[in-house]
Amino acid sequence: MKKARKKTYILFTMQHVRLKQLIQVVALIVVGLLVNRFGADLAIHFGLPLYLDCVGTIYATVLGGFCPGAIVGFLTNFIGGFSESSTFYYGTVNVMIAVCTGIAASRGAFQKIYRLPKLLFFLMLLSIPCSFLSYFLFDFQIAQNVVTPIAEALHSKGFPILLSQILADFCTEIPDKSISILVAFGLFRITPTMFYTMFNSVSGREHGDNYKVRHYFHSLKAQVTGLLFISSFALAVVATAVAYKAYSEAEIREATLLSESVNVLVADAIQNADTATLDRYIRDVSERHPQILTIKPGMHAPKEGTISIVCTETPYPVCTEFSLSAIRTSVVLFCTKIFSTVFGLLLCVVFAAILFANHRVVYPIHELTDEMENFGYDTAVGRTNSIARIRSLDMETGNEIETLHSAIIKAVQEIDLYINKSEEQSNSIAKLQTNIITTLGDLVENRDETTGGHVKRTASYAEIIARQLYLDGKKKDEIDENFISSIYVAAPLHDIGKIRIPDAILNKPGKLNDEEFNIMKKHTTFGREMLRSASKNLGEIAYLNMAKDIAYSHHEWWDGTRGYPEKIKGLDIPLSARIMAVADVFDALVSIRPYKAGFAFEKAVAIIQEESGTHFDPEIVEAFVKCQDEIKKAMNEV
């Protein structure tokens, strides 16, 4: 019951937040429309050869992103079309201004004033298709707007109409867009930060820094955006094609009916011998219907091409010619208006759909994917933190993404539980192995009556030295946490070969003779053979491989003069064996033997230092000296 109440409260809160965001977006759109209307009215009032009707579009785009900006741009021209019909069809151009502004803003154009010319450049390029649109909308004549005087002046000097229109638009657009961009920049800079951050979610800025993919064009966001744009363009083209077909057929049908009506009326006038009425009627029809070319008494053969003839057989036959090219021009003008309007509207719908898709699908999936890719499987703390981050993701989408989020949380919790159990079992097995190895080392040690506690102490020394090397950044390519844990487990097996050395030699109270010493030295070879045999049964295990190196080479000398069994030197001696050499000799020095007393701790450390560079690796001796306090503590504990 409590869970149900909590979920209901969360849903209510999310709906309240979304309603608040919707109100904020609507308010921004209204502000943008008012700013655009104010700028346009200001230009008209002072008779300026400027438009100033896109300041609000630019401002709304910078503040709220593509969607509010595109809607402001389209509605500005839609509303303006009620007072000036040609303005209605420029909605697509204003939407494209929002697109250019959004791209520029996402690249930081409005952070510094010297970056603004980049946006101006793109808006100037946008004026070229705008000029073509004007050329079509005004029946292939000079557009009747603020650029008319400039365009007519250029045309009077011999420039073609279209080129005159393009050059006139450029001359007007440069100051118009420069002023619009600067005013929008000023409004943006004086806007309080709290209002700017209010639209971070809608504009995509909230997710922009986190939304980083390796290949953007292969991302879900790019695919959704591309599909929506292609679909909207295709829909606009199809709508225009259908309009072209239907309107052209309707125009031809209307012209045919008109011609038949004209023929009947002309025939009546001829029958009544009313020449004055006939001339006046023919002149009136030609003025009101430009597609009507000629009205001729009598029958005439039909023509092919750009002229169509409609003849009526009455007591007084009459034929009317009308221009198909004029009808096609009218149809093209109509289709241009349709395409411009529909495409502008569809772009607004596309940006709204992209906004919806990004917040309900793309960003949630990306956040889930990013968390799963960076899931901290390695440690219990990492897994706990990752699960907490996944839980904290805002996935109240009301669709399958929310269900997926819940399923992923459940799955990772079960994975965490499974890994924890596996780690517990693995730790138990590792402890068992360590105990077995230590016990095996103790068995060897128990045969050697002179080395009590040696196995455990040297394992501790080796671990401490290895960790000091790791902390000092030495041997980075070899030492890590696995190396440190492995050497602690492998070290007790360093003298396992002694199990095959006769007791008489192993426990001889006095000094060994040469023959006995040669037999004693074989414990290194015996140890490696025994561990190799174990590896065949147990497989390649890290600590066993290290134990083989330690058992075989821990009596080698750094300078290669007196070591055994191979007298290898320097870096040819495995690192684990070089560490073990220091630990083994140090413990022998401080331990009591039947044939000697144990050295004091400080004396033993001094002897190790004296043999640095001859018996021992200097870097390992340096690490040993640094951690001698820990070594002393371990020596006293075992």
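Among N36, I97, V35, I71, the single residue meeting the side chain to side chain contact (heavy atoms under 4.5 Å, CB included) criterion with T76 is N36. Of the candidates I166, V93, N94, V93 is the only one forming a side chain to side chain contact (heavy atoms under 4.5 Å, CB included) with C130. Each of L167, D169, V147, L163 was scored for a side chain to side chain contact (heavy atoms under 4.5 Å, CB included) with S131, with one residue passing: D169. I58 pairs in a side chain to side chain contact (heavy atoms under 4.5 Å, CB included) with only one of the listed residues (V72, L63, T101), which is T101.
Nearest heavy atom pair, residue A98 against residue A70, reads CB-N, 3.6 Å. Contact record, F159 with L154: CD1-O, 3.1 Å, taken as the closest heavy-atom pair. When all heavy atoms of R115 and R107 are compared, the closest pair comes out as NH1-O, 4.5 Å. Residues L50 and A43 come closest through the heavy atom pair O-CB, 3.6 Å. Heavy atoms only, all atoms of each residue included: L393 and H405 are closest at O-CE1, 3.9 Å. The minimum heavy-atom distance linking L133 with S340 is given by the pair CD2-OG, 3.9 Å.
Side-chain contact between V95 and L345 is absent, with no heavy-atom pair separated by less than 4.5 Å. Two residues are said to be in side-chain contact when any heavy atoms from C-beta on lie closer than 4.5 Å; L162 and F132 meet this criterion. Residues V349 and S232 are not in side-chain contact: their nearest non-hydrogen atoms beyond the backbone lie 4.5 Å or more apart. You'll find the side chain of V412 reaches within 4.5 Å of the side chain of M372, heavy atoms only.
At distances below 3.5 Å, not a single donor-acceptor pair connects side-chain atoms of Q165 with backbone N or O atoms of A151. With D176 contributing its side chain and T172 its backbone, the two residues share no donor-acceptor pair below 3.5 Å. Judged purely by atom type and a 3.5 angstrom limit, N385 uses its side chain to pair as donor or acceptor with the backbone of V381. No donor-acceptor pair closer than 3.5 Å links the side chain of T336 to the backbone N or O of L137. In this structure, the side chain of E173 does not engage the main chain of C171 through any donor-acceptor pair within 3.5 Å. Put simply, the side chain of S106 gets close to the backbone of I103: a donor and an acceptor are under 3.5 Å apart. Listed for the T191 side chain is a donor-acceptor partner under 3.5 Å among the backbone atoms of L187.
Taken from CG in L123 to SG in C54, the straight-line distance is 7.0 Å, to the nearest 0.5 Å. The CG atom of L404 lies 11.0 Å from the CD atom of E402; values are rounded to the nearest 0.5 Å. Expressed to the nearest 0.5 Å, how far CZ of R253 lies from OG1 of T256 amounts to 9.0 Å. If you take CG on L126 and OG1 on T92, they are separated by 10.5 Å, rounding to the nearest 0.5 Å. Taking CZ from R328 and OH from Y244, the interatomic distance works out to 6.5 Å, rounded to the nearest 0.5 Å. Interatomic distance, Q413 CD to I409 CD1, rounded to the nearest 0.5 Å: 7.0 Å.
Using a 4.0 Å cut-off between charged side-chain N and carboxylate O, K245 and E249 make a salt bridge.
For F138, the CZ atom sits in a packed shell: over 12 heavy atoms of surrounding residues, nucleotides or ligands are nearer than 6.0 Å. Within a 6.0 Å radius of CZ in F334, more than 12 heavy atoms belonging to other residues, nucleotides or ligands are found. In F170, the CZ atom is crowded: over 12 heavy atoms of neighbouring residues, nucleotides or ligands sit closer than 6.0 Å.
Y59 has its ring centre no less than 6.0 Å from the ring centre of F185. Annotation: F351 is in aromatic contact with F229 [ring centroid separation under 6.0 Å].
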Apply the test side-chain contact (heavy atoms from CB on, under 4.5 Å) to residues T240 and V342: give CA-CA distance (whole Å), side-chain angles for both, the deciding distance (0.1 Å), then the verdict. CA-CA 9 Å; T240 304; V342 171; 5.9 Å; no
Step by step, would you call E251 with S330 a side-chain contact (heavy atoms from CB on, under 4.5 Å)? CA-CA 9 Å; E251 282 286 284; S330 175; 3.7 Å; yes
Do Y90 and S134 pass the side-chain hydrogen bond (donor to acceptor under 3.5 Å, both in side chains) test, and can you show the C-alpha distance, the side-chain angles, and the key distance before you say yes or no? CA-CA 9 Å; Y90 288 93; S134 298; 2.6 Å; yes
Taking it one step at a time, do R389 and E367 satisfy side-chain contact (heavy atoms from CB on, under 4.5 Å)? CA-CA 10 Å; R389 286 196 300 271; E367 289 175 353; over 6 Å; no
Dump the intermediate steps for side-chain contact (heavy atoms from CB on, under 4.5 Å) on I387 and F375, then the final yes or no. CA-CA 8 Å; I387 292 172; F375 195 89; 3.9 Å; yes
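S386 and R383 form no side-chain donor-acceptor contact under 3.5 Å, judged by distance and modelled atom types alone.
Classified by interplanar angle (parallel below 30°, tilted 30° to 60°, perpendicular above 60°), the ring pair F140/Y135 is perpendicular.
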